[in-house]
There are 2 protein chains.
Amino acid sequence: MAKNCNFIEKLRELGLRPTKQRVKMCELLFNREKTFHFTINDLVKMISEEMNEKISLATVYNTVHAFEKKGYLKEISINSDKSYFDTNTSVHHHFYDEDTNELIDCDENDIDPVNIKKSITGKKINSVEVLVKVASDNQNQKKFN
Amino acid sequence: MAKNCNFIEKLRELGLRPTKQRVKMCELLFNREKTFHFTINDLVKMISEEMNEKISLATVYNTVHAFEKKGYLKEISINSDKSYFDTNTSVHHHFYDEDTNELIDCDENDIDPVNIKKSITGKKINSVEVLVKVASDNQNQKKFN
DNA sequence: CAACAGTTTAGAATTATTATAATGTAGATT
DNA sequence: AATCTACATTATAATAATTCTAAACTGTTG
């Protein structure tokens, strides 16, 4: 989406009524330089910190799913207990830091194209994504028990 | 685990008491030629179909997590609403059929090694896994509405 | 500005998972 | 073999995440 604040038009173009809740969420999610990852919980916190009025939890869910359906958010599954969304909707790879639970985007140059030699008849490939799990390198550390 | 039925010894080796519930679950999960994927729900159904006695849901969760902790099961996150477990605990890649929600293992030859050019200081790579999402190739199909 | 369809809302319902506390049991001790 | 004890199982309650519901609200169209 655009860098400026005219999300009202954007929403209308998508066939979504530009309610104040949706516009506010657009500002929080898309009015920034870099893409980022968040959980519904994160977003609810961000909203309550930045607004005097609250947005109902159901609306946050509805709106996030509406944005997802329109292709402006993407869901990422790393571990089953947390559901992340990503404002970077392109097909891209991730590093996942198992110590901090932090998810880090890769850009195109970080990982060479993946060569897939298998194919499934009647099916086309929609996406190819790599998940690299990292953790702190404690091999020299000793344990007492 | 072994192909024969002596899971009692196996469990003891792991420091897990070979209760009848655990032995039954071992038989269902590991007494087969091929590895496979399942949800807790799948497993509960399998158990109730194959046993006259029931295993409590809490026990199924406990036991699956015990097996996971010991490294005999692996959790897989594909989409946030379903948590899959895999009896194939090696690092390996998957195809995911978005039409049928089916998860298909790749073997080593299906995908060339992934070349990662980025590194994160102080962190070591624990795993690299590729997820290939496929869906039926309907590009020639026409819709009525 | 009236009417309507789409939206928001609080709270109930649902689903998946974990915690609890009483009961049961495998394996060691006698 | 009876008993003991720590670990397991169980039904149920509790929690957490998400979806549903139905009433109230609000953009948009005419």
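In what follows, every chain begins at residue 1, and chains take the letters A, B, ... in the order their sequences are listed. Excluded from the calculations below are hydrogen atoms, water molecules and symmetry mates; all remaining heavy atoms, backbone and side chain alike, are included. Since this is a predicted model, take the numbers as computed values, not measurements.
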**Prompt:** Roughly, in whole Å, what's the span from CG in A:Asn41 to P in D:dT15?
**Reply:** 17 Å
**Message:** Could you check whether any side-chain heavy atom of A:Thr63 comes within less than 4.5 Å of a side-chain heavy atom of A:Gln21, counting everything from C-beta outward?
**Reply:** no
Atom pairs, protein N/O to nucleotides 26-30 of chain D N/O, distance under 3.5 Å:
{"residue": "D:dG27", "atom": "N2", "partner": "A:Arg17", "partner atom": "NH2", "Å": "3.4"}
{"residue": "D:dT28", "atom": "OP1", "partner": "A:Arg12", "partner atom": "NH1", "Å": "2.5"}
{"residue": "D:dT28", "atom": "OP2", "partner": "A:Arg12", "partner atom": "NH1", "Å": "3.0"}

**Asked** What residues form a side chain to side chain donor-acceptor pair (under 3.5 Å) with B:Arg12, not counting sequence neighbours?
**Response** B:Glu9
**Item:** Pairing residues for A:Asp110 by the salt bridge (charged side-chain N to carboxylate O under 4.0 Å, His left out) criterion, not counting sequence neighbours
**Value:** B:Lys118
**Item:** B:His65 side-chain N/O to C:dT17 phosphate OP1/OP2 under 4.0 Å
**Value:** no
**Item:** Interatomic distance where CD belongs to B:Glu9 and P belongs to C:dA26 [whole Å]
**Value:** 15 Å
**Prompt:** Which residue pairs pass the side-chain hydrogen bond (donor to acceptor under 3.5 Å, both in side chains) test when at least one of the two sits in residues 39-59 of chain B, sequence neighbours left out?
**Reply:** B:Thr39-B:Asp42
**Request:** Compare the minimum distances between each of D:dT18, C:dT17, C:dT7 and the side chain of A:Arg22, then state the nucleotide with the smallest one.
**Result:** C:dT7
**Request:** Please identify each residue that fulfils salt bridge (charged side-chain N to carboxylate O under 4.0 Å, His left out) with A:Lys74, with sequence neighbours left out.
**Result:** A:Glu129
Sort me out a list of protein N/O and nucleotides 28-30 of chain C N/O pairs below 3.5 Å, or just none if empty.
none

**Request:** With sequence neighbours left out, write down each residue that passes salt bridge (charged side-chain N to carboxylate O under 4.0 Å, His left out) with A:Lys117, or none if nothing qualifies.
**Result:** B:Asp112
**Item:** Residue list, side chain to side chain donor-acceptor pair (under 3.5 Å) with B:Glu98, at least two apart or on another chain
**Value:** A:Asn126
**Prompt:** Tell me, do B:His37 and B:Asp105 make a side-chain contact under 4.5 Å, heavy atoms counted?
**Reply:** yes
**Item:** Residues in contact with DNA chain C, drawn from residues 45-64 of chain B - heavy-atom cutoff 4.0 Å
**Value:** B:Leu57, B:Ala58, B:Tyr61
**Prompt:** Quick one: B:Lys24 NZ to C:dT25 P, roughly how many Å, whole number?
**Reply:** 18 Å
**Prompt:** Transitive ILVMFWY cluster of B:Val91 at side-chain heavy atoms under 4.5 Å: who else is in it?
**Reply:** none
**Message:** Taking only side-chain N and O atoms of A:Gln21, does any of them lie within less than 4.0 angstrom of OP1 or OP2 on C:dT9?
**Reply:** yes
**Fill in**
Rounded to whole Å, the NZ-C1' distance (B:Lys69 to D:dA8) equals 14 Å
**Request:** Sequence neighbours left out, what passes salt bridge (charged side-chain N to carboxylate O under 4.0 Å, His left out) with B:Asp107? Give chain and number order.
**Result:** none
**Message:** According to ring pair (Phe, Tyr, Trp, His ring centres under 6.0 Å), who are the partners of A:Phe36, at least two apart in sequence or on a separate chain?
**Reply:** A:Phe38
**Request:** Return the value, rounded to whole Å, for the distance between atom CG of A:Leu14 and atom P of C:dT7.
**Result:** 12 Å
